[in-house]
Amino acid sequence: MKLPGWLAEIPGEQPYPLVFATVSGAHLYGFPSVDSDVDLRGVHVLPVEEVAGLRHGPETLSRMWTRDGVEVDLVTHDAAKFCRLLLGRNGYVLEQLLSPLVVASSAVHEELAALAPGCLTRHHAHHYLGFARTQWRLFQKTGELKPLLYTFRVLATGTHLMRTGELRADLTRLYAYGPAYLPELVAAKQAAEHGTLPGGLASGEDLEGDVERMTRTLESARDSSSLPERATAEAALHDLVVRARSRG
């Protein structure tokens, strides 16, 4: 699915300056369908008077709307909250920061991305293991293809991160970590946002076995990872937030 050109207009419509806005969700993960919504994620900067006084501005802003038949879901965090999340072993915000699908950027965005390696720890594996469990239970409940692909995606992303220190969110670039039928699942998801598992691809036992195998692989990669126990970028992130706030 091609992203609409008018996405570039959205940052200028926001109430606070944006450090960045990137596309997340199915477009980032490599399996958008023809009717997928567009998930925009980013960082805004509250002015000094809205953090230093008695009245504080919104740490998180959310907005959903439809334009030209495309549903847009925009969520931004203030720079300080976003950096706290970065230091909290949160894979979501790392993927948003490093997404190659950039709608708006800035010098602060570039500095944040450069500091991302200093936020990585082996404990990011817990994020991906937890998300995989949640999505697998959802698939078992609904039978929808989307949570199944999310399960495989986060297990593959987490394993690659633990082994290489590189964050790679696109499942189509991670097929080597999963079962051979993944490309067929991706093709089926691209054809229907809320489709079910195509017949003849894999039985329930096959799926469960493959999820269990990939889970064990991620756990093993976590235990042998050369990533550090703690993030090292806290001081640099603090300095960056102060400078961004001071610039207004």
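For the numbers below, each heavy atom of this structure counts, side chains included, while hydrogens, waters and symmetry mates do not.
- Stacking of R67 on the aromatic ring of W65 is not recorded, the 6.0 Å distance cut-off and the 45° axial limit not both being met.
- Side-chain contact between V75 and L40 is absent, with no heavy atoms from C-beta onward closer than 4.5 Å.
- Heavy-atom contacts from other residues, nucleotides or ligands closer than 6.0 Å to CD of E111 number more than 12.
- Minimum interatomic distance between Y181 and D206 (heavy atoms only, all atoms of both residues): OH-O, 4.2 Å.
- With ring centers used as reference points, F152 lies 6.0 Å or more from Y29.
- In this structure a side-chain-to-backbone donor-acceptor pair under 3.5 Å is missing from S220 to T217.
- Within the model, atoms CD of E13 and CZ of R63 stand 5.5 Å from one another, a figure rounded to the nearest 0.5 Å.
- Residues G30 and Q190 share a closest heavy-atom pair of O-NE2, 3.5 Å.
- S24 contributes no side-chain N or O that, together with a main-chain N or O of D39, makes up a donor-acceptor pair within less than 3.5 Å.
- Other residues, nucleotides and ligands contribute over 12 non-hydrogen atoms within 6.0 Å of the NE2 atom of H56.
- For the pair K189 (side chain) and K146 (backbone), a donor-acceptor distance under 3.5 Å is absent.
- With D37 contributing its side chain and V72 its backbone, the two residues share no donor-acceptor pair below 3.5 Å.
- L112 is listed as a side-chain neighbour of C83, based on a closest heavy-atom distance under 4.5 Å.
- D170 contributes a side-chain N or O that, together with a main-chain N or O of T172, makes up a donor-acceptor pair within less than 3.5 Å.
- No donor-acceptor pair closer than 3.5 Å links the side chain of H44 to the backbone N or O of Y16.
- A side chain to side chain contact (heavy atoms under 4.5 Å, CB included) with R41 is found for exactly one of L97, D73, V23, namely D73.
- By the 4.0 Å N-to-carboxylate-O rule, E166 lies close enough to R168 to be salt-bridged with it.
- The backbone N or O of V19 lies less than 3.5 Å from a partner atom in the side chain of S106, making a donor-acceptor pair.
- Residue R84 forms a side chain to side chain donor-acceptor pair (under 3.5 Å) with just one option from E59, H77, E234, and that option is E59.
- In this structure, T66 contributes its side chain and G69 its backbone to no donor-acceptor pair below 3.5 Å.
- We find that R122 and E229 are joined by a salt bridge, their nearest charged nitrogen and carboxylate oxygen being less than 4.0 Å apart.
- The aromatic ring centres of H124 and H127 sit 6.0 Å or more apart.
- Contact between Y177 and H160 at its shortest, heavy atoms only, is OH-ND1, 2.8 Å.
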